[in-house]
There are 2 protein chains.
Amino acid sequence: MIADPVARIRRFNRAVTLEVGALDTSFLGRGRPLGAARVLNAIGQGLGDVGEIRDALQLDSGLMSRLLRGLEEEKLVVTEPRPDDARRRVARLTSAGRREFAAYERLSNQRAAGLLARHPHADELLAAMDLVASALGRERIAIEEVDPRGEAARHCLAEYYAELARRFEKGFDVSLSRDPQAKDMVHPRGAFLVAMSDGLPLACVGLKGDGGETAEVKRLWVAPSARGLGLGRKLMAAVEERARALGIRMLRLDTNRALPEARALYLKSGWTEIPRFNDDPYADFFFEKRVCAARDA
Amino acid sequence: MIADPVARIRRFNRAVTLEVGALDTSFLGRGRPLGAARVLNAIGQGLGDVGEIRDALQLDSGLMSRLLRGLEEEKLVVTEPRPDDARRRVARLTSAGRREFAAYERLSNQRAAGLLARHPHADELLAAMDLVASALGRERIAIEEVDPRGEAARHCLAEYYAELARRFEKGFDVSLSRDPQAKDMVHPRGAFLVAMSDGLPLACVGLKGDGGETAEVKRLWVAPSARGLGLGRKLMAAVEERARALGIRMLRLDTNRALPEARALYLKSGWTEIPRFNDDPYADFFFEKRVCAARDA
DNA sequence: GCCATTATCTGACCTAAGTCAGATAATCAT
DNA sequence: ATGATTATCTGACTTAGGTCAGATAATGGC
């Protein structure tokens, strides 16, 4: 009873409400109501269109308008009609606005850093926070196609290689593996997909093509804090879809015996085991799947 | 940069604000503003004194008074002066109030249960939530003396035995260990202390005495989600203090080689290793510490 | 018994947030 | 060109939450 799951969630809610409540009122620490601070923050994050901000913050149009007027009176923001459609207006920060936005950012960062400094095992705390945030925000996870040399992809790949090094019996050295060139994983030969959750990349998969009708699926990885959310399955479906759009007819992949959950996923989602098709020292199992085929035929 | 700890904490804050914000407005789901719902909830939790509620919810006395009048008008609450001091008033729920309180409880429980049901690895999510809640609430962890047969103690001991079974090479069977009688761990022979964090017991330790000047420290355990917060050290200090108050002059304990962190704690906090003093099959190391001695002498 | 203290309540007032019905002006479809 | 649609703004109004200066009444110390 005392460890009743529901009671534990409610304890979590109380703990977090206290902490996050303090965070909200810290916005008031700069003498501006929360609503105005939120709008300033949204503009600082890069939102410009008034309608966009309104949607993002779920504000009534009247309220939005007034908050914007207030920020204009403070000379933190200027608005102007959009050249291509003069009904819409775009807002941007003045230099004073940028200073003020930076001050809010600093405050938030200080609070977060303070929390970390107070906790002796910051790594575990962060991992737990990631897990909770991913679970709570699972409806807001979006699959995006990104540049495999960009920040999000590099983050995923670094975590992926580190995990292989931990899990493979003999460790993992990326230079021994058949490392695909990044240019084989960008349009129009291939693609690189990541699952983004509020700015944090949680999972990735690469599609490596050579311009022909066959391509290879590589680098499937899901962050430990996001396992169980079905991201592997979603990414595999997305990469198949992407391959179909690129005119690819046959997909292949290889995997290692130290990754049983990956093999289970492939078996479960329509892949067929085939004989070895390369000499990668880390590859133990080989699969293929035809795309563009009639469904369930 | 993308995995910058501060950015990750802020992502956590955003995810949780959305979830907890929805929770707050769900209080509005019963047509009552948040303030009134909070007061009703506080009374339902057992707070009676008006001043106590005011302190707990951090409300201005004027606002508190008005919220209470509102609940009285709704016939959910009655207040009366306290017999021993007629300046103070106590509030309690009417039967309609109890029904309303129960409805809020049901709503909260449903929300929590819904969250669990949506997540495939509920255990890990709960463990992560416990860890975050314990870290955020570390200033609000209190050490209490409890009955070793009570709910909090039984919860700790069950977790403790389960952990020993996992970590000992040959498993753990409590019947083989020299299990102290509960009556040896209550006043005036001994004590049982738990560290409580908002209703959840996070750690425990027992002091087993026989009425003489020597006693034994047993059953030191810290929940995995609370390790690194210094609770082990705090409990050992508290149990020493408690022993001193009971007139005990010498403490002893034994521990197993599979628990290196416990041994390190004893070595670090002034315990002396001594020869085996019992035939417990699970004991590998033995320590003693003199209490009532001059500090650092 | 008297006075300072304490707990609660009341009235006056304020700000933040949000709602809603038009007003205004630009754009789109025909 | 004209009427419907769209984006934003303005004014009037409401509710929630909160502050503050006394009012009221009970208590405790002397």
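Every chain is numbered from 1 and lettered A, B, ... according to where its sequence line falls, protein lines coming before strand lines.
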Inset, instruction - Determine, for nucleotides 12-25 of chain C in 5'-to-3' order, which nucleotides have protein heavy atoms under 4.0 Å from the base (write B), from only the sugar-phosphate (write S), or from neither (write -). - result: B---SSBBB-----
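- When A:Val146, A:Leu235, A:Leu207 are each tested for a side-chain contact (heavy atoms from CB on, under 4.5 Å) with A:Leu193, only one passes: A:Leu235.
- A salt bridge links A:Arg242 with A:Glu145: the distance from a Lys NZ or Arg NE/NH1/NH2 to an Asp or Glu carboxylate oxygen falls below 4.0 Å.
- Counting to the nearest Å, the P atom of D:dA7 and the CG atom of A:Leu68 are 16 Å from each other.
- A salt bridge links B:Arg244 to B:Glu241: one of the charged nitrogens lies within less than 4.0 Å of a carboxylate oxygen.
- Each of A:Asp84 and B:Glu52 was assigned the nucleotide of DNA chain C with the nearest heavy atom; the assignment lying further toward the 5' end belongs to B:Glu52.
- Taking a cutoff of 4.0 Å between a charged side-chain nitrogen and a carboxylate oxygen, B:Arg118 and A:Glu139 qualify as a salt bridge.
- Looking at B:Glu72 and B:Arg69, a side-chain N of the basic residue comes within less than 4.0 Å of a carboxylate O on the acidic one, giving a salt bridge.
- In this structure, B:Arg89 atom CZ and D:dA25 atom C1' are separated by 11 Å, rounded to whole Å.
- B:Arg88 has its CZ atom 10 Å from the P atom of D:dT27, to the nearest Å.
- If you measure from atom CG of A:Asp55 to atom P of D:dT6, you get 14 Å, rounded to the nearest angstrom.
- Regarding contacts with the backbone of D:dC9, a side-chain N or O of A:Arg69 is found under 4.0 angstrom from either OP1 or OP2.
- Phosphate proximity of D:dT8 to A:Arg54: present, with a side-chain N or O under 4.0 Å from OP1 or OP2.
- Here the SG atom belonging to A:Cys156 is positioned 8.5 Å from the CG atom belonging to A:Leu200, to the nearest 0.5 angstrom.
- One atom, CE of B:Met64, and another, P of C:dT8, lie 9 Å apart when rounded to the nearest Å.
- Rounded to a whole Å, the CG atom of B:Asp85 is 11 Å from the P atom of D:dA26.
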